[in-house]
2 protein chains.
Amino acid sequence: MQIGQAAKASGASAKMIRHYESIGLIAPAERRDSNYRDYSSDDVARLQFVRRARDLGFPIDRIRELLALWGDRGRSSAEVKRIALDHVAELEERIAGMRDMVATLHRLADGCAGDGRPDCPIIEGLAGCRASQG
Amino acid sequence: MQIGQAAKASGASAKMIRHYESIGLIAPAERRDSNYRDYSSDDVARLQFVRRARDLGFPIDRIRELLALWGDRGRSSAEVKRIALDHVAELEERIAGMRDMVATLHRLADGCAGDGRPDCPIIEGLAGCRASQG
DNA sequence: CTGGACCTTCCCATCATGGGAGGGTCAAGG
DNA sequence: CCTTGACCCTCCCATGATGGGAAGGTCCAG
């Protein structure tokens with residue numbers, strides 16, 4: 001299978017597949033005489049694994065670990081779970097940060113008339129309680 | 001004031017201040033004979049504005065618009081509010097995406113024993129319901 | 001006059017991804 | 001046989017916001 005088919009089948013772009021190979025996330029693909037990459041269904045399964053992990057927000061280095069565990073018959077599910085829960089904790093931290101931003105923005109926006117006048121608590125909030133400049 | 005003082009006073013790093021200048025977010029600073037940048041307290045106020053907007057997650061291009069509105073006596077608060085609420089919507093979209101990830105991860109992790117055995121619904125989920133590879 | 005703390009510009013790295021140039025491969029059809 | 005078009009290849013550049021560091025200039029205090 002050529003890279004285009006592998007891309008469609010896995011949901012990763014051809015560009016990404018080459019990239020994953022170049023950074024050693026996946027093993028170099030077989031090559032035909034034409035120098036075209038050649039993918040097996042096992043290769044596609046690995047690419048799908050990577051794509052699903054990406055869809056869950058795992059960074060590449062974590063996916064590297066997960067791929068290794070996938071192929072390790074002697075793995076313990078505890079290792080996998082730890083990686084997953086660490087990632088959850090990081091996601092929740094980022095969510096909390098963004099929620100703080102949203103809360104602050106709502107607080108500022110609630111006091112803003114949103115009409116044709118220039119007076120605006122949002123600008124004032126950003127300016128540190130000085131309403132205008134220049 | 002030199003860039004180091006301006007950095008401390010504004011909360012933006014000297015590196016960032018130069019960067020903001022290089023991309024035209026802020027006007028080029030005055031220069032002394034030594035070629036050192038020279039900042040006024042108004043400059044610092046602008047840098048603080050930028051930093052606060054960054055802390056609220058606004059991307060640079062939005063901050064560009066907000067800075068323009070800050071300096072525009074003829075602005076309408078509706079414009080500011082629209083930018084802020086657009087940004088809130090974007091944040092909420094990202095939060096929703098991450099919450100979906102967290103929910104999926106929790107669903108997978110809940111079924112995972114997290115012990116010494118290799119059986120792991122997390123790996124299986126990523127693999128598309130095929131438990132092992134290699 | 002020297003040391004150290006500051007400043008300058010310029011380049012590189014991050015992270016994951018896309019875009020595009022310049023060129024090779026291959027199958028179908030005139 | 002040759003062209004056309006759809007693939008593929010590698011290599012470089014860009015994103016967005018930030019940090020790191022090299023090589024060199026400035027300035028003040030000892």
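Note that this is a predicted model, so its numbers are computed, not measured. Convention: sequence-line order gives letters A, B, ...; per-chain numbering from 1.
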| request: At under 4.0 Å between heavy atoms, which parts of nucleotides 12-23 of chain D does protein reach? Answer with one letter per nucleotide, 5' to 3': B base, S sugar-phosphate only, - none. | output: -----SBSBB--

| field | Backbone N/O of B:Tyr36 and side chain of B:Arg32: donor-acceptor pair under 3.5 Å | value | no

| query | Heavy atom of residues 82-97 of chain A under 4.0 Å from DNA chain D: which residues? | reply | none

| message | Hydrophobic cluster membership, with links at side-chain heavy-atom distances under 4.5 Å among I/L/V/M/F/W/Y: are A:Trp70 and A:Ile83 in one? | response | yes

| Side-chain touch B:Asp43/B:Glu30, heavy atoms, less than 4.5 angstrom | no

| request: Could you point out which residue of B:Lys15, B:Arg46, B:Arg37 forms a salt bridge (Lys or Arg N to Asp or Glu O under 4.0 Å) with B:Glu21? | output: B:Arg37

| field | Rounded distance (nearest 0.5 Å) linking atom CG of B:Asp119 with atom OG of A:Ser76 | value | 11.0 Å

| message | Of all nucleotides in DNA chain C that come within under 4.0 Å of a heavy atom of chain A, which is furthest toward the 5' end and which toward the 3' end? | response | C:dA16 to C:dC26

| Along nucleotides 4-9 of chain D, 5' to 3', which nucleotides get a B, which get an S, and which get a -, given that the test is a protein heavy-atom distance under 4.0 Å? | ---BSS

| said: If we count only N and O atoms by modelled type, under 3.5 Å, do the side chains of A:Asp115 and B:Ser77 hold a donor and an acceptor together? | reply: yes

Would you mind writing out the side-chain donor-acceptor pairs for residues 49-66 of chain A within the sub-3.5 Å range, not counting sequence neighbours?
{"residue": "A:Arg51", "atom": "NE", "partner": "A:Ser10", "partner atom": "O", "Å": "2.5"}
{"residue": "A:Arg51", "atom": "NH1", "partner": "A:Asp55", "partner atom": "OD2", "Å": "2.7"}
{"residue": "A:Arg52", "atom": "NH1", "partner": "B:Leu126", "partner atom": "O", "Å": "2.9"}
{"residue": "A:Arg54", "atom": "NH1", "partner": "A:Phe58", "partner atom": "O", "Å": "2.7"}
{"residue": "A:Arg64", "atom": "NH1", "partner": "A:Ile23", "partner atom": "O", "Å": "3.2"}
{"residue": "A:Arg64", "atom": "NH1", "partner": "A:Gly24", "partner atom": "O", "Å": "3.3"}
{"residue": "A:Arg64", "atom": "NH2", "partner": "A:Ile23", "partner atom": "O", "Å": "3.4"}

| task | Could you tell me which non-hydrogen atom of A:Met1 sits nearest to which non-hydrogen atom of A:Gln5, and how far apart they are? | result | CG-CB, 3.1 Å

| Hey, is the main chain of A:Ala9 close enough, under 3.5 Å, to the side chain of A:Gln48 for a donor-acceptor pair? | yes

| message | Strictly distance-based, threshold 3.5 Å: is any side-chain N or O of A:Asp38 a donor or acceptor partner for the main-chain N or O of A:Arg31? | response | no

| message | Taking salt bridge (Lys or Arg N to Asp or Glu O under 4.0 Å) as the cut-off, I'd like each qualifying pair that reaches into residues 92-112 of chain A, sequence neighbours left out, listed once. | response | none

| message | Quick check against the 3.5 Å criterion: does B:Asp72 have a side-chain atom that pairs as donor or acceptor with the backbone of B:Leu69? | response | no

